[in-house]
Amino acid sequence: MTCRDNKDLMMAYLDGELDDKQTKMLQEHLAQCTQCSKELEEFKSLKSMTDNIVLSEPEDQVWQRYWDNVYNRVERGIGWMLMSMAGVCLAVFGGFKMVECIVTDPSVSLFLKVALLVMILGLSILLISIMRERLYFWKHDRYRHVRR
Ligand SMILES: [Zn+2]
């Protein structure tokens, strides 16, 4: 085993990711190679330093990230709401225009007109249902964050 191989092993060793055989191999090499054992000490202090940075992260930074997250979620919720509402408005407007044309057209049979109106009714119910679901999830999401 060369010193180069040991460098990869050392990082894994510090993360506790080596199996018994690899640990033994590394320790045997460290016992006879001062350069590598010195390097391991450096890795060790570097690792504890970076671990400390993660642990002692300033609290307001954590809060900032928390609020960014809430903001993103609310923002996305509002985006969904607006898009759904605009979609419904467009569908209703377009639908009315189309229905107006068909219903006022004397060459279209009554059966087709009724079928069309029933289809529109079904579509409206579906859209309202989707809207309500969106609204529910949005509120649910918001309350969950405020309560925490
Ligand atoms: Zn070595």
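Read the numbers this way: they start at 1 and go in the same order the structure lists the ligands and their atoms. None of the values given here were measured: they were computed from a predicted structure. One-based numbering along the sequence shown.
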J.: Any salt bridge (charged side-chain N to carboxylate O under 4.0 Å, His left out) pairs touching residues 26-36, not counting sequence neighbours?
T.: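 Every pair satisfying salt bridge (charged side-chain N to carboxylate O under 4.0 Å, His left out) with a residue in residues 26-36: Lys24-Glu28.
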J.: Should Lys47 and Asp15 be marked as a salt bridge (charged side-chain N to carboxylate O under 4.0 Å, His left out) after you check the CA-CA gap, both sets of side-chain angles, and the distance that decides it?
T.: CA-CA 9 Å; Lys47 188 171 155 35; Asp15 288 330; 3.2 Å; yes
J.: Answer whether the closest heavy-atom distance between the side chains of Leu116 and Val99 falls below 4.5 Å.
T.: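 Yes, their side chains come closer than 4.5 Å.
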J.: Within less than 2.8 Å, report the number of protein N/O/S atoms around the Zn ion (ligand 1).
T.: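 Step by step: take the Zn ion (ligand 1), keep protein N, O, S below 2.8 Å, and you get 4.
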J.: Which pair of non-hydrogen atoms, one from Met131 and one from Val88, has the smallest distance, and what is that distance?
T.: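 That closest heavy-atom pairing would be CG-CG2, 4.1 Å.
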J.: Evaluate the side-chain proximity of Ser37 to His29: yes if any heavy-atom separation is below 4.5 Å, no if none is.
T.: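 No, their side chains stay 4.5 Å or more apart.
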J.: Return yes if some donor-acceptor pair links the side-chain N/O of Ser124 with the main-chain N/O of Ile120 below 3.5 Å, else return no.
T.: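 Present.
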